[in-house]
Protein chains: 2
Amino acid sequence: MSVRDTHDILERLSNLFRIEMRTFGLKFGLQPVQIEALTYLTQCNRYSDTPQAVGEYLGLTKGTVSQTLKVLEQKGFLRKQQDKQDKRVVHLAPTVKGRKLIQQSFPAKGLEAALKLTSSVKVRELEEVLRSTLRGMQYHNKRKTFAACQTCRFNEPQVKGAVCGLTQEPLSVQEIQLICREHQYPQ
Amino acid sequence: MSVRDTHDILERLSNLFRIEMRTFGLKFGLQPVQIEALTYLTQCNRYSDTPQAVGEYLGLTKGTVSQTLKVLEQKGFLRKQQDKQDKRVVHLAPTVKGRKLIQQSFPAKGLEAALKLTSSVKVRELEEVLRSTLRGMQYHNKRKTFAACQTCRFNEPQVKGAVCGLTQEPLSVQEIQLICREHQYPQ
DNA sequence: TTCATAAAGTATCGAGTCAATACCATATAT
DNA sequence: ATATATGGTATTGACTCGATACTTTATGAA
């Protein structure tokens with residue numbers, strides 16, 4: 001059992017995700033990248049719902065992302081809205097139609113069955129290793145971490161709810177579970 | 001901790017794989033899909049090194065694959081060779097240049113570091129769950145399993161070496177570690 | 001044997017991705 | 001007040017991908 005073995009399994013799993021994403025998207029006339037973008041937009045917080053952030057998340061240039069989002073908007077999966085403070089910024093909100101689509105998309109068919117056969121302790125351990133792998137890859141490639149406020153070093157738990165140390169704004173219980181583009185792990 | 005959580009981590013990991021694959025390939029003028037095809041060809045056995053098999057593995061049509069392989073051949077990463085028995089069939093062999101490229105490509109940077117921090121027992125468990133997830137997804141989506149002869153129900157261990165129950169041909173020790181397109185799990 | 005059908009692979013076309021470049025509008029810094 | 005930086009869009013060219021049509025070779029049935 002070498003690192004390469006684990007690597008190969010993850011790589012194959014990654015292939016399959018893409019294949020399933022493609023066949024799923026085909027039914028709605030969407031490309032894999034469009035589904036990925038829309039998925040992200042259902043998971044990110046209010047600081048991270050811009051074309052720029054989508055580009056950073058998917059590792060694409062802003063020009064490329066701009067086109068992807070144009071298609072998603074034209075097909076009615078998201079709405080664009082100009083930021084009140086900074087008029088250069090556009091916020092992207094999935095429509096009800098968009099959210100329903102993503103709820104339906106669950107490429108990892110079989111994952112559920114596989115996890116049911118595994119004890120919950122082991123599943124937690126599995127998640128931990130995967131998360132640490134993710135962090136390792138992000139760190140190694142100097143990418144942003146894109147994780148939830150919950151685990152962010154800027155997240156300051158206070159007497160009545162959490163506050164973001166960067167913006168000094170209060171964060172709701174729902175919001176601290178969302179992905180943030182400014183996320184940094186402690187230390 | 002829900003199935004969706006694990007799912008999301010895997011999905012993100014899958015994203016990162018693709019991003020790293022893209023940036024790596026860019027240096028050599030190769031697209032992600034071309035690297036994936038070449039990777040497969042360095043891992044598959046003699047029954048599985050055809051355009052058809054590559055297409056099944058990557059979930060693409062044969063027309064699409066044909067073009068991908070044309071580029072790889074033109075750039076000197078693989079050689080085509082007509083089958084002796086069935087003249088319709090083409091076998092694809094990565095060149096030395098091609099093999100070297102794949103050896104260099106190790107998208108899961110950080111994986112090594114993450115696994116080093118984890119006990120070998122847990123790593124084995126991790127692999128097991130990942131493998132079972134893979135199997136689950138393949139089964140659920142009615143895809144071929146594309147695994148090594150070692151775990152195939154057609155693999156018949158005999159006194160002097162293994163034999164493939166489908167072709168009745170003997171299999172070398174090296175060969176039973178390679179990916180086969182006819183692979184089926186026992187039972 | 002002969003003729004139909006199937007299978008493996010290639011070629012071409014149109015829709016779409018993606019990076020690069022240029023560009024516009026708005027913020028920010030000096 | 002003006003230069004520069006930043007967020008986003010538009011356009012172009014190389015490439016992917018599916019669909020379709022096509023060629024060559026195998027196989028199966030009359």
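In what follows, chains carry the letters A, B, and so on, assigned in the order in which the sequence lines appear, proteins first and then strands, with residues in each chain numbered from 1.
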Does NZ or CZ of A:Lys144 lie under 6.0 Å from the centre of the six-membered ring of A:Tyr57, at an angle within 45° of the ring axis?
-> no

So, [X] and [Y], do they make that salt bridge, N to O below 4.0 Å?
X	Y	answer
A:Glu169	A:Arg46	yes
A:Asp8	A:Arg4	yes
B:Glu128	A:Lys122	no

Distance, rounded to the nearest Å, where [X] contributes [atom1] and [N] contributes [atom2]:
X	N	atom1	atom2	value
A:Lys62	D:dT11	NZ	C1'	15 Å
B:Lys27	C:dA19	NZ	C1'	17 Å
B:Lys84	D:dA26	NZ	C1'	19 Å
B:Leu30	D:dA14	CG	P	17 Å
A:Met21	D:dC17	CE	C1'	16 Å
A:Lys70	D:dG7	NZ	P	21 Å
B:Glu56	C:dA7	CD	P	12 Å
B:Leu69	D:dT16	CG	C1'	13 Å

When A:Gln52 and A:Arg18 are each assigned the nearest nucleotide of DNA chain D, the 5'-most assignment goes to A:Gln52

Are B:His7 and A:Phe17 close enough that their ring centers fall under 6.0 Å?
-> yes

[X] side-chain N/O to [N] phosphate OP1/OP2 under 4.0 Å:
X	N	value
A:Thr64	C:dA19	yes
A:Thr61	C:dA19	yes
B:Lys87	C:dA7	no

Starting at the 5' end of DNA chain C and moving along, which residue's nearest nucleotide shows up first, B:Asp86 or A:Gln34?
-> B:Asp86

Start at the 5' end of DNA chain C and walk down; is the nucleotide closest to B:Leu26 or to B:Ser66 reached first?
-> B:Ser66

Go through [options] for me and flag the one nearest to the [X] side chain.
X	options	result
A:Gln31	C:dG16, D:dT25, C:dC18	C:dG16
B:Arg22	D:dA26, C:dC18, C:dA11	C:dC18
B:Gln67	D:dG8, D:dT12, C:dT12	C:dT12
A:Pro51	C:dG16, C:dA11, D:dT9	D:dT9
A:Val89	D:dG7, D:dT11, D:dA10	D:dG7
A:Val33	D:dG7, C:dT17, D:dG18	C:dT17

So, does the side chain of A:Arg88 form a donor-acceptor pair with the base of D:dT6 at under 3.5 Å?
-> yes

Donor + acceptor pair across side chains of A:Thr151, A:Tyr185 (<3.5 Å) | no

Base, sugar-phosphate, or nothing: which does A:Gln85 touch, judged by heavy atoms less than 4.0 Å apart?
-> sugar-phosphate

